[in-house]
Amino acid sequence: MNTPKKQAEMIKEISGVNPLKCMKCGKCSASCPSYNEMDIKPHQFVSYVQNEDIESLVNSKSLWKCLSCFACVERCPRDVKPGKLIDAARQLVVREKGGDYLMADEIPELLDPELPQQLLVSAFRRYRR
Amino acid sequence: MQRIGVFVCHCGSNIAATVDVKKVVEMAKMEPGVVHAEDYQYMCSEAGQSKIAEAIKNEKLTGLVVCSCSPRMHETTFRKAAERAGLNPYMVEVANIREHCSWIHKDMEEATKKAVILARAAIAKVNLNASLKPGESLVTKRALVIGGGIAGIQTALDIAEAGYEVDIVEKTPSIGGRMSQLDKTFPTLDCSACILTPKMVEASAHEKINIYTYSEVEKVSGFVGDFTVDIRKKARSVDMDKCTGCGVCQEKCPSKKNSNEFNRGLNTRSAIYTPFAQAIPNVPVIDRENCIKFKTGKCGVCAKVCQAGAIDYEQKDEILTEKYGAIVVATGFDTIKLDNYDEYAYNQSKDVITSLELERIMNAAGPTKGHLERMSDGKAPKNMVFIQCVGSRCADKRGKSYCSKICCMYTAKHAMLIRDKYPDVNVTVFYIDVRTPGKNFDEFYRRAVEEYGVNYIKGQVGKVAPQPNGQLLVQGVDLIDNKQILMEADMVVLATAIEPDPSVRKIATMLTASIDTNNFLTEAHPKLRPVESPTAGIFLSGVCQGPKDIPETVSQAGAAAVKAIGLLAKDKLMTNPCTAKSDELLCNGCSTCENVCPYGAITYEDKEVNDHGIRETRRIAVVNNALCQGCGACTVACPSGAMDLQGFSNRQIIAEVDAICR
Amino acid sequence: MKYSYYPGCTLKTKAVELDAYARASARALGFELEEIENWQCCGGVYPLGTDEIATKLSSVRALNEAKEKGQDLVTLCSACHHVIKRVNDDMKNADDIRTRANNYMQLEEPYAGETTVLHFLEVLRDRIGFDTLKEKVTAPLTGKKIGAYYGCLLLRPSGLLEFDDPENPSIIEDFIRAIGAEPVIYPYRNECCGGYISLKEKEMSKTMCDKIMDSASGFGADMLITACPLCLYNLNKSTCGSRLPVYYFTELLAEALGVKEEVAKA
Amino acid sequence: MSIETKEEFRPKIVAFCCNWCSYAGADLAGSSRLSYPADVKIIRVPCSCRVNPMFILRAFEKGADGVILCGCHPGDCHYSTGNYYARRRMTLLFSMLDYIGVENGRTRVEWVSAAEGVKFSTTMNEFVEKVRSLGKNVRLEDLRCRN
């Protein structure tokens, strides 16, 4: 098991984000369409990484609520990219054995006749390894 | 060969307690060129200086080395002493055996050894010193102020009051600048026009001040004390002497649908216009792009109605050439374009406005006669949202990296004024930080919250979405409550970042005044010379140097004036003789030195040289001694070794290196 | 004029019409979409981790094939476009990714982002020109009030995709004008439909799509057009009162160019 | 034995200081009585950009064991851009010196303001320590002058 410090380093490395650039303006949270579904809010991602509390981050609901729509990335005045941070946290989880958020046997139930392939492919890539 | 005298100071016990001064004297005597060496209690004292003078006379000294405290302390003292005794002051070198030796070492032997080496290095240098003479240049006793806003007006008034002639060059048809567009000023809430217009009148009536409006600086040459400037007086199409300012032409002009710049495009004006009622001069200009007469040749209404016969369609741009001793830049600012921030829907809704536009809306002379109303439908707003830091404090290319400094205060002002005049309007301010350093500033902001009930929310706005019913849906965040907020507003006001007026780039280039990545003019020293440009004779006033509010601008304007006056008060300028000099036999005219010179002091001349009997014309670098500040950048850049710095020549420095490493 | 063409997984199955109408319209406009051979799925979403390499290789293969043919690479699906354009940027600007991807690929000549990636809409705007398109329209869609739905993938991150203004785009509106209809501008046209979230969190996506639909119909749109099969799917799942029909932009293009019937018959 | 010789080894160190910041910083170190080894001898130059790489080569040629260049902090240069030139030039020079065998530890550029007496003294202490640990320098010799 990695130490919190190591985990934080991994998140910074995978995301390429420097949390120190954040000026805590909250524009990411103001832009996020999933804000209400998230327990840890976009503007908090940065401080969780800075405080090396990755445990809370990887166990948060937010991990699976981010749409990767890049609204936060586009509007961030400091070029921090909170969306990339949360994706890196997600990577930490799905790269672990048993970390998948989507199981193959769940799929049939989720299908409907119109459902485009693209949706399955995208979900697979975001939710599992 | 030099005849060098070495003088070792005890500085009481400051030096003598750790350095064996006698030993230093003894060792110095053995150095080449040294004909005299002695020590004394206090070399800087009257008696010490007499000893130096005596030795210069008796020993016919050609160079001096004083081993004492730092040259930053007493170099000038010893140079003056030498000069009084008839020796060129630049034949003096100081070996710093106090700060750099006796004060930091404890072991006497070690400190003495070092003091001897430091003395030796100074002696080696003096052996190669040459007499230098500061140059002289005459000062034209007239100043140019570029920009006629509050900064330029204040600077001009202060210089004129000191008795010097000042010209103001203003590119728009009237002086007054941004301040004339403001409604009220913080933190006192007095009306901007009421305090500005008297100053405008004072400037225009002052016998020492000459104002060129609708004019631009076209070309600058020369140097400190002696600038030559070409000013383009754009054709006004109205005779300044004949016009009485009655305003009939503006009333009758049929071309009325032209965007009104003074009102930030919120309404329209006629093609012949004065920007605002209190304009100085109160003489209109014809905007030729929109004038029917100039577009089609037909019309001429203004000429027909003008009783004074002042309309002159044939007028042409005029170029004036004037001489100045000092130039003050006061070009001011504009707000940034908001095209890259359309999450705030500035380009999508007329009811999303900048704070400067709100100033015009609140102003009695503005597009709504001072009534707070929406630009889309003229309705009175019930809910207003202010968004801070729009384009300020931005790390990406969309905005500006700096804090615009004035927004927190003017937003508190707007919020307070609205709550005061329209108590039923709800005002919400989204902020990142409220920055209010300044006298009575934080108290002002707190009043907005505590007495006027302005709702301050810590957090930013992500999106402003115009709704089908004409409302604006503001989606923001409250970072204290950790809630996303959806709020309907009738008007959204953006605290838009300010940037130096775009014209400053061209002006800075003409003046060879350096400019930073944000287009602000650079100070000669950020702490100690904040109103001077690194280029001698160029001074900075107002926002062209960095974001500031009115009181700060006015104080800086005064400071810039004092610096300009200090220059104009001199008849002649003594120039630092430690300037660069190129060896015309070595120079190949490659322009490398010109590129590294921060002062534009290097030019090229075709000069006839005699190179070992061969006479030919060559392109050669010439250093202007009045401009060169003696940094030496060019000496290292020069690929042929032609450039050298007087007083710090290659040979002198190498001699020091050799002496230390010996 | 020939372009390399990357259709993507969904255009071969659930969104065949997006593809078929595009090909027919291209022919009518005088250019050809040459499908690259053996293309592989782009993965649907761009892998954000800076250490992801393998997941980007399918895009690199497509990009390299276009490079070898000396053609620009055209995409239709917003997701494919997003992924391939961003991977191309990595190959051009991220030394580390370029080196490692090329180590995997073992190409004759390393790929370094030489190919230009264009969305079909960009071809219309920048290569054909909306004015020319307007001239070629035979059956203008006069009187139709159409809302453009951009979603997120086409626009963001704008600095890299360089597609349009991310907050106030105009390319689809200009397209709508060119085919003779009237664009309806509404503020949520660049908001996310929920994307892949609709697989497991159907309600979230519905809420977002309802907001988009309400906004568009509030401003008077009769229909929405999009370039993305997933957006179309999500928007169609919207359950709000103001549900508007959603079409692929290529269908309306084919209609305006008078080639819709021929596709339907085929 | 080797330890003894190391203790005895007193390097020759030349410090170029710009007149406006670093020389004043050195003065402040002095008036604050912050000591550093006497091995350091300071040469005053108007600006760090006055330091020609030739001067540094000359120092090594004449037997210096270390050379340090101090200037104003980036953005604070009295001549606005001089220290940037110095930084660029020294980066190249030091890399070349390293290549020909004069270790990177023997050369250094440091920004010291007029208020940083402490920094000046710690920098000099560190630098002397470093040069001492590297031992005597290989002398860059002008072979033409060899007998």
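In what follows, every chain begins at residue 1, and chains take the letters A, B, ... in the order their sequences are listed. These numbers come from a predicted model, not from an experiment. Values below: all heavy atoms of this structure, side chains included; hydrogens, waters and symmetry mates excluded.
Heavy-atom distances place the side chain of D:T81, and not its backbone, under 4.5 Å from chain B. Neither the backbone nor the side chain of B:R98 comes within contact range of chain D; no heavy atom of the residue lies under 4.5 Å from a heavy atom of that chain. Only the backbone of D:V51 comes within contact range of chain B, judged by heavy atoms closer than 4.5 Å. For D:N19, the parts lying under 4.5 angstrom from a heavy atom of chain B are both the backbone and the side chain. Neither the backbone nor the side chain of B:S533 comes within contact range of chain D, judged by heavy atoms closer than 4.5 Å. Heavy atoms closer than 4.5 Å to chain B are found in both the backbone and the side chain of D:R44. D:A29 touches chain B through its backbone: at least one of N, CA, C or O sits under 4.5 Å from a heavy atom, while the side chain does not. Contact annotation for D:Y23: both backbone and side-chain heavy atoms come within less than 4.5 Å of a heavy atom of chain B. With a threshold of 4.5 angstrom between heavy atoms, D:V45 approaches chain B through its backbone and through its side chain. Heavy-atom distances place both the backbone and the side chain of D:F55 under 4.5 Å from chain B.
Within residues 654-661 of chain B, the residues having any heavy atom under 4.5 Å from a heavy atom of chain D are, by residue number, B:I654, B:E656, B:V657, B:D658, B:I660, B:C661. Residues of residues 122-130 of chain B lying under 4.5 angstrom from chain D, judged on non-hydrogen atoms, do not exist here.
Between the CZ atom in D:R33 and the CD atom in B:E99 there is a gap of 8.5 Å [rounded to 0.5 Å]. In this structure, B:K113 NZ and D:R10 CZ are separated by 7.0 Å, a value rounded to the nearest 0.5 Å. Here the straight-line distance linking atom NZ of D:K41 with atom SG of B:C101 works out to 8.5 Å at 0.5 Å rounding. With rounding to the nearest 0.5 Å, the separation of CG in D:L28 from CZ in B:R72 is 10.0 Å. The distance from atom CD1 of D:I43 to atom CD of B:Q652, rounded to the nearest 0.5 Å, is 11.5 Å. Distance check, rounded to the nearest 0.5 Å: CE of B:M73 to OG of D:S31 gives 8.0 Å.
Within the 4.5 Å cutoff, the side chain of B:V636 has heavy atoms near those of the D:P53 side chain.
The greatest number of non-hydrogen atom pairs below 4.5 Å with chain D, out of B:L118, B:V596, B:T522, B:I117, is found for B:V596. Between chain B and the residues D:S121, D:S35, D:A38, D:C47, the most heavy-atom pairs under 4.5 angstrom are made by D:A38. Residue with the most contacts toward chain D among B:G630, B:P71, B:A637: B:P71 (heavy-atom pairs, distance under 4.5 Å). Contact count versus chain D (heavy atoms, under 4.5 Å) is highest, among B:L645, B:L528, B:N650, for B:N650.
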